[in-house]
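Convention: sequence-line order gives letters A, B, ...; per-chain numbering from 1. Worth knowing before you read on, the calculation uses all heavy atoms, side chains too, and leaves out hydrogens, waters and symmetry mates. Please read all numbers here as calculations on a predicted model, not as lab measurements.
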Protein chains: 2
Amino acid sequence: MPAPISSRKRVLDQLVGLFRRDGYDGVSISRISDVTGLGRPSLYYYFPGGKDEMAHAVLDAASKWFDENVAAVARGDGTPASRLKTMLVNIDRFYSGGREACLLNAFMLGETNAALSKPVRAAFEAWVDAFALISRDTGATKTQARRRAEGAVARIQGALVLARSLNDDAIFARTLRDIETLILE
Amino acid sequence: MPAPISSRKRVLDQLVGLFRRDGYDGVSISRISDVTGLGRPSLYYYFPGGKDEMAHAVLDAASKWFDENVAAVARGDGTPASRLKTMLVNIDRFYSGGREACLLNAFMLGETNAALSKPVRAAFEAWVDAFALISRDTGATKTQARRRAEGAVARIQGALVLARSLNDDAIFARTLRDIETLILE
DNA sequence: GTCTATAATAGGATAGAC
DNA sequence: GTCTATCCTATTATAGAC
């Protein structure tokens with residue numbers, strides 16, 4: 001008998017890939033069924049709340065990833081420069097060097113998804129806070145740190161959009177490098 | 001009898017508002033019918049190709065707006081600084097100070113809309129070219145100008161995403177100001 | 001946990017009258 | 001140009017067997 005290749009965790013990972021690429025309205029349960037290899041009823045077994053619950057679960061998973069790989073690093077040991085370096089390396093990996101879209105950006109579309117706007121906003125705030133923490137540790141004032149951090153998050157988002165549209169990874173790589181000097185200055 | 005408040009041009013303007021906010025998949029013909037006050041068949045009278053044609057028409061309209069209000073200004077008379085200032089003022093107005101989303105970003109979602117990716121990419125290239133032209137006129141090398149222009153477009157896109165999510169117009173305003181120094185340096 | 005089968009609805013699109 | 005009426009398909013979601 002085949003190994004239990006199916007699990008909620010595995011499905012969740014695939015959902016991240018689908019939602020970040022196609023957005024909430026662009027993903028159908030049928031397509032999720034095709035990609036995961038699970039029948040539609042099985043998906044409702046894992047996510048009784050349907051697509052809505054899937055989207056929230058995906059946001060939770062992404063937030064958890066961010067907490068562990070970015071926010072925790074910002075609060076961790078080492079010089080500000082070394083912590084920032086690790087954060088950026090992890091971010092680069094999460095976005096596959098700029099080839100993958102941002103889930104938060106994808107979930108901002110559509111008024112149907114108004115319920116998603118609160119966790120999306122909270123996620124962006126956490127991003128900003130993480131960068132601001134590094135900036136403060138280099139001596140920036142609270143206001144300076146906040147603005148530089150906002151600039152960093154915005155540049156990452158914008159670089160993802162532009163790099164993906166122009167199919168040019170270098171744009172994303174350069175942006176991450178620029179952020180190092182922006183935050184540490 | 002009521003005045004002929006309906007016209008293709010008016011519908012097109014409303015379509016821009018709908019698509020930039022909800023994305024391609026997030027907009028239904030029924031909703032378009034509600035918003036425009038036109039019956040579904042009337043929409044197909046103006047756009048026989050259906051939703052697909054509507055999306056392309058909306059992109060064309062946005063590209064035309066950009067050509068007239070940004071690209072033409074970049075090629076126009078005046079100092080680089082004054083031309084850039086006008087471009088940024090027009091961009092600020094188009095995005096209502098950062099409260100309205102970017103159509104190009106919205107149209108990047110979904111594999112269904114693969115046909116849209118070519119015009120979207122062309123539009124981004126035109127954006128970059130316009131800023132690069134200003135930068136070159138201030139003495140930057142071709143490579144420098146290109147990179148600064150990419151940075152400017154990315155920052156605008158990212159600022160729109162972040163400003164809308166955090167509901168903070170100031171982020172967008174600061175970004176436009178930063179771009180002035182970025183391009184003119 | 002996963003399936004087959006099916007309900008119920010929403011979506012895109014068209015025919016044909018006026 | 002705009003409408004009523006309609007078609008067909010896709011979509012979300014559930015019932016119930018295994």
For A:D77, is the CG atom crowded, meaning more than 12 foreign heavy atoms sit under 6.0 Å from it?
no

Residues A:E150, B:R174: salt bridge by 4.0 Å N-O rule
yes

For B:F107, give me all partners under ring-ring contact (aromatic ring centres under 6.0 Å, His included), at least two apart in sequence or on another chain.
B:F19

I need the [atom1]-[atom2] distance between [X] and [N], as an integer number of Å.
X	N	atom1	atom2	result
B:Y45	C:dA13	OH	P	19 Å
B:E53	C:dT14	CD	P	11 Å
A:L38	C:dT4	CG	C1'	15 Å
B:R31	C:dG12	CZ	P	13 Å
A:F47	C:dT2	CZ	P	12 Å
B:I32	C:dG11	CD1	P	11 Å

Heavy atoms, side chains only, cut-off 4.5 Å: are A:Y46 and A:L38 in contact?
yes

Could you check A:I134, A:I179, A:N69 and say which one makes a side chain to side chain contact (heavy atoms under 4.5 Å, CB included) with A:M87?
A:I134

Base versus backbone protein contacts along nucleotides 12-18 of chain D [heavy-atom cut-off under 4.0 Å; B, S, -]
BBBB---

Parallel, tilted or perpendicular, judged at 30° and 60°: which one describes the rings of B:Y95 and B:W127?
tilted

Is the phosphate of C:dG1 approached by A:S42 (side-chain N or O, under 4.0 Å from OP1 or OP2)?
no

